[in-house]
Amino acid sequence: MDIRTAQTLAWDNKRAKGFNTTDIALEFGLLNAEVGEAFTAWCRRLPDLGEELADVFIYLAAIAEMNGLDLADEVTRKIGKNARRTYERDPHGTLIRTSDGDGDR
């Protein structure tokens, strides 16, 4: 399934079930809780890590929808920007970004 379809299906399910579709701050709070659940599943090596990560995506998709954003377009744009960024190691071996991916250096 592609991101755009998943975003639409997640949104349609929220509307059909009567879940929050207007309170963006609440949605960010719920997203944060789901990230915590995913982290706990990972730390404890629980079998539901994949399900928890899916919940994170569903809340993220809802926030994008609530703000009129196409998450597929945003992810594509950001992956391209990240690919164009450059990094160099400082004297201590830490990677330091030397360009932001927008052509600036």
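Just so you know, residue 1 is the first one in the sequence shown, and it goes up from there. Since the structure is predicted, the reported quantities are computational estimates derived from the model, not experimental observations.
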A.B. asks: Work out which heavy atom in Thr21 is nearest to a heavy atom in Met66; give both atom names and the distance.
C.D. replies: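 Shortest heavy-atom separation between Thr21 and Met66 comes out as C-CE, 3.2 Å.
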
A.B. asks: Which heavy atom of Gly101 sits nearest to which heavy atom of Arg85, and what is that distance?
C.D. replies: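 Looking at all heavy atoms of both residues, the closest pair is N-CG, 3.6 Å.
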
A.B. asks: Answer yes or no: is there a donor N or O on one side and an acceptor on the other, between the side chain of Arg84 and the main chain of Gly80, under 3.5 Å?
C.D. replies: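 Yes, the answer is positive, given that a donor and an acceptor are paired below the 3.5 Å cut-off.
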
A.B. asks: Taking salt bridge (charged side-chain N to carboxylate O under 4.0 Å, His left out) as the test, write out the residues that go with Glu74, two or more places apart.
C.D. replies: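 Expected list: Arg77.
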
A.B. asks: Test of understanding: with side-chain hydrogen bond (donor to acceptor under 3.5 Å, both in side chains), list the residues that count as partners of Asp12, not counting sequence neighbours.
C.D. replies: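 Partners of Asp12 by the side-chain hydrogen bond (donor to acceptor under 3.5 Å, both in side chains) criterion come out as none, since no residue qualifies.
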
A.B. asks: To the nearest 0.5 Å, tell me how far Thr94 OG1 sits from Ile96 CD1.
C.D. replies: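 Thr94 atom OG1 to Ile96 atom CD1 measures 6.0 Å (nearest 0.5 Å).
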
A.B. asks: Less than 3.5 Å apart, which donor and acceptor atoms pair up between the side chains of residues 3-10 and the rest of the protein, not counting sequence neighbours?
C.D. replies:
residue, atom, partner, partner atom, Å
Arg4, NE, Asp70, OD2, 2.6
Arg4, NH2, Asp70, OD1, 3.4
Arg4, NH2, Asp70, OD2, 3.0
Arg4, NH2, Asp73, OD1, 2.8
Thr5, OG1, Asp2, OD1, 2.9
Thr5, OG1, Asp2, OD2, 3.3
Gln7, OE1, Leu71, N, 2.9
Gln7, NE2, Glu65, OE1, 2.8
Gln7, NE2, Leu69, O, 2.9
Thr8, OG1, Arg4, O, 3.1

A.B. asks: Identify, with sequence neighbours excluded, every residue that meets side-chain hydrogen bond (donor to acceptor under 3.5 Å, both in side chains) alongside Asn67.
C.D. replies: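 Residues passing side-chain hydrogen bond (donor to acceptor under 3.5 Å, both in side chains) with Asn67: none at all.
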
A.B. asks: According to a hydrophobic-cluster definition based on side-chain heavy atoms being under 4.5 Å apart (Ile, Leu, Val, Met, Phe, Trp, Tyr only), do Trp11 and Phe19 belong together?
C.D. replies: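 They do not share one cluster, since no chain of ILVMFWY contacts under 4.5 Å joins Trp11 to Phe19.
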
A.B. asks: Can you list the other members of the hydrophobic cluster that holds Phe39, where links are side-chain heavy atoms under 4.5 angstrom apart?
C.D. replies: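 Besides Phe39, the hydrophobic cluster comprises Trp42, Leu49, Leu53, listed by chain and residue number.
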
A.B. asks: Which pair of heavy atoms, one from Asp100 and one from Asp102, lies closest together, and at what distance?
C.D. replies: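 Answer, listing the atom of Asp100 first, then Asp102: OD1-N, 2.8 Å.
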
A.B. asks: Mind listing the side-chain donor-acceptor pairs of residues 22-33 below 3.5 Å, one per line with the distance, residues two or more places apart or on another chain?
C.D. replies:
residue, atom, partner, partner atom, Å
Asp23, OD1, Ala25, N, 3.3
Asp23, OD1, Leu26, N, 3.0
Glu27, OE1, Asn20, ND2, 2.7
Glu27, OE2, Lys14, NZ, 2.9

